[in-house]
Visitor: 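Just dropping this structure here.
The residues of the chain are indexed from 1 along the displayed sequence. Each ligand, and each atom within it, is numbered from 1 in the order the structure gives. Note that the structure is a prediction, hence the values are computed from the model and not measured.
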Amino acid sequence: MNKVYTCFCTDVIHEGHRNIIQEAQKYGEVIVGVLKDEAMIRYNRFPLVDFEERFRMMQAIPGVSKVVVQEEILYDKIIAEIRPDYVIHGDNWREGPERAVRENVLSLLKEYGGELIEVAYTYNEKVRHTDARMKEQLAMPEYRRGRLRKLLGLCPIVKVLEVHSGLTGLIAEKTVVQHDGVFDQFEAMWMSSLCDSTAKGKPDIELVDMTSRFRTINDIMEVTTKPIIFDGDTGGQIGHFVYTVRSLERMGVSAVIIEDKTGMKKNSLFGTEVVQTQDSIEHFCEKISAGKKVQLTDEFMIIARIESLILEKGMQDALERASAYVKAGADGIMIHSRKKDPGEILEFCDRFRQVDTETPIVVVPSSFNTVTEKELTEHGANIVIYANQLTRSAFPAMEQTAKDILTYHRAKEVDDRLMPIKDIISLIEEL
Ligand code: SPV
Ligand code: MG
């Protein structure tokens with residue numbers, strides 16, 4: 001009997017999938033592949049239903065004779081294993097980054113004379129509604145909050161992009177790249193205090209109050225589903241920080257990072273050029289413990305950020321603080337540096353990993369930007385935050401446009417660099 005293979009990357013079986021199975025049955029025995037979570041999160045949305053459950057869900061579809069694991073997005077391994085006579089798929093993969101997968105399948109089938117069957121993708125009101133519901137569910141606080149912890153178990157390093165508005169949230173949510181058949185996207189968002197303040201034309205000194213920062217979170221949450229790490233600056237007074245933890249947790253934020261500074265906080269990238277005071281280990285530990293005590297879920301994370309290298313207090317001080325903060329309950333350590341060379345960050349990671357193999361390490365390579373994700377992973381880092389690059393790329397582009405309009409007394413000269421009007425008005429999906 002001929003073998004017909006299809007791979008589903010879904011949490012919900014709807015009419016469209018059942019159609020594909022029915023069509024597949026006409027050609028032979030139907031084998032369904034279930035994509036591993038690790039592969040699914042690289043180009044699709046985060047699965048609402050875990051891998052085992054998705055596997056059972058496929059087994060329960062009438063007409064499916066066998067369910068197998070597909071480990072990678074590209075079909076090389078699975079086709080070599082199964083050698084199906086046919087691969088069947090909805091025709092919706094002809095456009096966008098998924099085209100690369102289609103081409104991969106076509107070239108593999110060609111090697112031995114297999115065939116691709118494409119079924120018109122069922123896109124009716126019911127399917128659209130199921131899709132929208134899935135997306136909406138992912139955005140809900142109780143689904144979003146715990147996802148950062150899950151990602152830590154699934155990704156070699158969790159890639160996080162700065163956001164400070166609905167629009168930057170959309171960029172972090174939707175940008176997917178594909179080259180050489182490898183897909184990638186950001187897994188989470190960083191609600192940077194620097195960029196949130198800058199977008200409001202304010203200095204990064206804890207001046208933008210929590211109410212305003214929460215409104216920004218809400219703007220981002222309304223249009224995204226990915227988990228959020230909130231830049232909590234110093235966390236403020238302990239008596240205030242506990243309320244911040246409760247609010248963030250209720251909103252569905254996954255983690256807050258607080259830094260061990262007190263008094264007038266200035267941006268770390270100023271380093272010792274401005275007066276900045278580091279908190280005492282005892283007091284900062286008290287703040288961490290107080291936050292951990294009030295949180296209500298096991299999902300929310302409080303990550304302690306160490307400023308010893310920024311303030312030139314030395315590696316030993318940084319390591320001592322890291323151990324103390326973990327003992328006080330911190331769910332992760334962020335180590336920061338403003339050196340161009342990643343040396344001290346990598347040394348910290350290595351030395352911290354000698355005494356603690358579990359606690360996640362967060363790094364922010366704004367200054368030491370030559371370091372690669374691979375190197376950071378090899379030294380034991382778990383989360384990499386690209387903390388301000390969207391703001392820093394948008395600002396010069398806008399400034400140049402303003403200058404050019406003033407220079408030429410019209411807008412024609414800048415037009416080539418602009419997003420077409422039609423694209424901007426259709427950028428945001430309407431309900
Ligand atoms: C931020 O993005 O606001 C940060 C990271 O705190 S840094 O600007 O490098 O201090
Ligand atoms: Mg900040």
Visitor: Would you say the side chains of Q276 and K266 form a donor-acceptor pair under 3.5 Å?
Guide: no
Visitor: Check L152, L376, I361 against I383 for a side-chain contact (heavy atoms from CB on, under 4.5 Å) and give me the one that passes.
Guide: L152
Visitor: For F214, look at atom CZ and say whether over 12 heavy atoms of other residues, nucleotides or ligands are found less than 6.0 Å away.
Guide: yes
Visitor: Which of the numbered atoms in ligand 1 are below 4.0 angstrom from a heavy atom of W190?
Guide: 1 (C), 2 (O), 4 (C), 6 (O)
Visitor: Could you tell me the residue and atom name of the protein heavy atom closest to atom 9 (O) of ligand 1, and the distance to it rounded to 0.1 Å?
Guide: H336 NE2, 2.7 Å
Visitor: Which label fits F348 and F352: parallel for a plane angle under 30°, tilted from 30 to 60°, or perpendicular past 60°?
Guide: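 Geometry flag for F352 against F348: parallel rings.
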Visitor: Taking the side chain as everything from C-beta on, heavy atoms only, tell me whether E259 gets closer than 4.5 Å to D233.
Guide: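 Yes, side chains in contact.
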Visitor: For the Mg ion (ligand 2), what is the closest N, O or S atom on D231?
Guide: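 Distance check against the Mg ion (ligand 2) picks out OD2 in D231.
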Visitor: Heavy atom under 4.0 Å from ligand 1: found in N388's side chain, backbone, both, or neither?
Guide: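 Neither part.
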Visitor: Could you check atom 2 (O) of ligand 1 against the protein and tell me its nearest heavy-atom contact, residue, atom and distance included?
Guide: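 Closest protein heavy atom to atom 2 (O) of ligand 1: S192 OG, 2.8 Å.
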Visitor: Answer yes or no: does atom CZ of R417 have more than 12 heavy-atom neighbours from other residues, nucleotides or ligands under 6.0 Å?
Guide: yes
Visitor: Report the part of D233 in contact with ligand 1, treating N, CA, C, O as backbone and CB onward as side chain, heavy atoms under 4.0 Å; options are side chain, backbone, both, neither.
Guide: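 None of D233 does.
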Visitor: Heavy-atom contacts with L269 under 4.0 Å: which atoms of ligand 1 show up? List them by number with element.
Guide: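 Every atom of ligand 1 under 4.0 Å from some heavy atom of L269: 8 (O), 9 (O).
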Visitor: Strictly under 2.8 Å, is any N, O or S atom of S193 next to the Mg ion (ligand 2)?
Guide: yes
Visitor: Taking only heavy atoms of A387 into account, list the atoms of ligand 1 that are under 4.0 Å away from them.
Guide: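 Answer for ligand 1: 2 (O).
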Visitor: Considering only the protein, which heavy-atom contact is closest to atom 10 (O) of ligand 1, and what is its distance?
Guide: R305 NH2, 2.8 Å
Visitor: Near N267, which atoms of ligand 1 are under 4.0 Å from a heavy atom of that residue?
Guide: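 Atoms satisfying the 4.0 Å criterion: 7 (S), 8 (O), 10 (O).
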Visitor: Under 4.0 Å from ligand 1, counting heavy atoms only, is it the side chain of D231, its backbone, both or neither?
Guide: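 Side chain only; the backbone of D231 stays clear of ligand 1.
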Visitor: With K159 as the cation and Y386 as the aromatic partner, state whether NZ or CZ is under 6.0 Å from the six-membered ring centre and within 45° of the axis.
Guide: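 Cation-pi check for K159 and Y386: fails.
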Visitor: Within the 4.0 Å heavy-atom shell around S268, which atoms of ligand 1 are there?
Guide: 10 (O)
Visitor: Quick one: do D260 and Q278 satisfy side chain to side chain donor-acceptor pair (under 3.5 Å)? Show the steps, please.
Guide: CA-CA 6 Å; D260 56 1; Q278 200 170 16; 3.2 Å; yes
